[in-house]
Amino acid sequence: MADLYRGEEVCLAQLFLQTDVAYACLSELGELALVEFRDLNSDVNAFQRKYVCEIRRCEDVERIIAYIENEIEKANIDIPDLEGNPKAPQHREFQDIKLDVEQLERELREVESNRVKLNKNRQELLEYSYMLRLSQGCVEKSGAMQRDDSLLSVYEEFSSMDKELLILEPEADSSHTMAAKLSFVSGVVSAQYLPSMERMLWRGCHGHMVLHHVPIPELMQNANTGEFVHSCVFLVSYWGEQIGMKVRKICECYHCHIYPYPESKQQQRDLVLEMHTRIEDIKLVLQRTEDYLQQKLHEAVASVGMWRVRVRKMKAIYHTMNMCRDTTASGCLVTEVWCPVRDLSRLQHVLEHCSARGGLSIPPSFLNCIPTQEPHPTIMRTNKFTSAFQNIVDSYGVASYREVNPTLYTLITFPFLFAVMFGDFGHGLLMTLFALWLVLTEQRQAKLAIHNEIWRMFFNGRYMILLMGLFSIYTGLIYNDCFSKSLVIFPSSWNVSAMFTHGPWRKETLKGSQVLSLDPNVTGVFSGPYPFGIDPVWNLAVNRLSFLNSYKMKMSIILGVFHMTFGVVLSIFNLVHFGRRADIFLVFVPQLVFLLSLFGYLVILILHKWVAWGAMDSARAPSILVHFINMVLFPTTDGTILLFHGQRGLQQFLLALVLGSGPILLFGKPLYLYRQQRRRMWRPYRQAACVRRRIDNDEEDLPLMGDGGNNVIIMPEVESDVVDRVDEKVRVDLGEEFMYTLIHTIEYCLGCVSNTASYLRLWALSLAHTQLSEVLWEMVMSSALQLPRVLSAELWARRALGAILLFPSFALFVTLTFSVLIIMEGLSAFLHALRLHWVEFQSKFYTGTGYKFTPFSFKSILEGAGFAGVPLPGHMSSPSVTGR
């Protein structure tokens, strides 16, 4: 927790890595995630750095691995999670990996190419087979073929000599001449293009053609897109060569597959049998090709994950080596890194170990810490419990180096303020059970969270949800609220019978009044405060809402003032740590006085009224709001009753403190900086002025005291450039500083008022959650339980109807409870608690202007690249580190 309180110390170190072992050193550092490298070659183009060729080779191998993984996914083969932690490959190992993946790629591409060709051939044979079978009816309709030998007798207007010549000189295989130059084109076209193609043929041929088409009963695969579409067999009959050319061109425009048609029925039957045999052969070859492809892919599954991780690690190492400065003369790489101070010994051990393992006879790699005035990165070591809360704080802003981290306090205050708005025992119990289920099954849920972003949010915040549920149970018991109903844990402190025995109630009183009021001043009616929480009798009272309004509103003010005061107090730790002691008296003390003099006094009035005024004199208890307003307005005679003796004098004193703290906040720091600047500007003159006294030819420097005796006063001249350098170093723009202080003073003073009012959201959301729970119970469960009494007077009918209505009404109640009261109301309370921490709490002490420590870590690199199931060890004790 010490690291979480303020972060770790970080230093800037210079590493000297021998070129022969630099790769091994960076490989070890990537596994341990110890340091963050700085780019010393930022002025060099990325394509001109030394290790660009190695990076390109890694990218080529990654491209091939991505292709292999894509083929595995297309084959619906699951890639198992990688077991173990493969190291970054050495150069020989990388060459072996490269050869393996390239050979596998060639085999896969060859198999895929053969499969595509076989599928295309099979598709063409299927279309040709359907065309032969389905176009027969179209041919018979057009009269283009006789049943026996010839169809020459159909067209008597031509001579027999011409007909024989026409038959002996057929057209190309896609068009066939029949009788008196009657020709046709047959093929297959997609059903969606058929109407458009028919209109185009009619217009292009001016009606000198006849189109017949028959739909194919099964879906056919498109060879270009791979999609299965509806297709049709078509037959176009025409006269004339020119019309035939038009028909063929139009068919080509609509991506028609044109096939030759046999001259006789016997040839047609032979072709159909041949097509069937060839289709079966291709199916067999395709099956064997698929089996071979599956075998190769299953062999690759075992290695592809390891290949991808190792190549990505190698690529990350060369990227980092490109950030180092190469000194060819010394044969080493020089780089600068940010490293936690407590890890310097581990870093030195890694360098020595890698140098020794490399067997170098030259001096090993070493590091050298260098001082710097640059802003340091921030390291917050977290674990799976604190990481969610740290992410909330980082969303506001990353802590500056060694600044107080709000996460340590947000662990408790955030779920507590959430529970104040969400307080319900039943809802909190359901939330706690859900979080416990996530915690107890976190290993299984972690795998599901990898591929589902919404589920990942719930899983990462499981410990936060657990705390919010536990605190909601606690506040629900305080409110005595469980699904809008009260729990009778202890006997009620109110007694109704005492109003009859010792009070004015009689039986006639009950008959004549619909609403009766219990008087706590009557003996035996009120026996004292309820042991824990709110008395359950308030759930029956008609003034329950007024009571809860007053209680929760005052409670919100008290919690808000304590929360803001705690934030102001935390600022002193930053001031002391950074040596800004003047700000303690000029900023911290006035801010604390201003806040406590107004709103701290308001809290004291609330607590005093709760304690000092009881049931006997509650009717004449003064209003706190009136007294708080009168504190500022100074009325001479207001006639209000004082809460305690000496109240007016105390209020005047506190108001004087408020009015006095404003000018200190406004002018204190600018005037102090102006005085410091004047003192530093005269320092060079005071240091240069001295007295030279000659005693026996010796010279002694004395401070300037005055002349007299043998002393010779010398005022040496001070060089103007020295004064200018000092002046630039300490010079402060007083105008800018005053405007900055003015803005922050106004912001703080007005913010104290607005932030205190902002905490009233605790009251508003708590009341809204209670009322919504009550409305849901009344509209669903209560209505379902009372409906049988209205619908039937028979006892057995009411019972049967009630049993029937109970199940759907309870299901509706559970659904609305989870969807509205837990998820939606929970999200609303979460966002409001987030705002209270960001604006009202953290703004009092937290600047959040730092930047994260981002170590060179293989784990974070692989997670960012979408690697799942890679169990890489991290140096930080976390699933997450602020800085990742």
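Remark: the backbone N or O of Pro260 is paired with a side-chain donor or acceptor of Tyr128 at under 3.5 angstrom. Between the side chain of Ser828 and the main chain of Met824, no donor-acceptor pair closer than 3.5 Å is present. Side-chain atoms of Ser860 never come within 3.5 Å of backbone atoms of Phe856 as a donor-acceptor pair (strictly under, hydrogens ignored).
In summary, Glu241 and Arg248 engage in a salt bridge, as defined by a charged side-chain N under 4.0 Å from a carboxylate O. We find that Lys74 and Glu71 are joined by a salt bridge, their nearest charged nitrogen and carboxylate oxygen being less than 4.0 Å apart. Between Glu112 and Arg115 there is a salt bridge, with a side-chain nitrogen of the basic residue lying less than 4.0 Å from a carboxylate oxygen of the acidic one.
Contact check for Leu433 versus Trp437: no side-chain heavy atoms found under the 4.5 Å cut-off. Side-chain contact check for Leu125 versus Ser129: every heavy-atom pair is 4.5 Å or farther apart. In this structure, Lys852 and Asp394 have side chains that are in contact, with non-hydrogen atoms separated by less than 4.5 Å. Two residues are said to be in side-chain contact when any heavy atoms from C-beta on lie closer than 4.5 Å; Tyr254 and Ile250 meet this criterion. Side-chain contact between Gln445 and Phe458: absent, with no pair of heavy atoms (C-beta onward) separated by less than 4.5 Å. Considering only heavy atoms from C-beta on, Leu235 stays 4.5 Å or farther from His213 through its side chain. Contact annotation: the side chain of Asn460 never approaches that of Ser387 to less than 4.5 Å [non-hydrogen atoms, C-beta and beyond].
Summarising the local packing, CZ of Phe818 is surrounded by 12 or fewer heavy atoms from other residues, nucleotides or ligands at distances under 6.0 Å. Counting non-hydrogen atoms of other residues, nucleotides and ligands closer than 6.0 Å to CG of Asp78 gives a total of 12 or fewer. Shown here is Met781, whose CE atom has more than 12 heavy atoms of other residues, nucleotides or ligands within 6.0 Å.
For the residue pair Asp291 and Gln287, a side-chain donor N or O sits within less than 3.5 Å of a side-chain acceptor on the partner.
Within the cation-pi definition used here (under 6.0 Å to the ring centroid, within 45° of the axis), Arg462 qualifies as a partner of Phe459.
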Begin with the C-alpha distance, continue with both residues' side-chain angles, and end with the deciding distance and a verdict on side-chain hydrogen bond (donor to acceptor under 3.5 Å, both in side chains) for Arg269 and Gln266. CA-CA 5 Å; Arg269 287 192 292 267; Gln266 184 61 35; 2.7 Å; yes

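Relative orientation of the His91 and Tyr318 rings is tilted, given thresholds of 30° and 60° on the angle between their planes.
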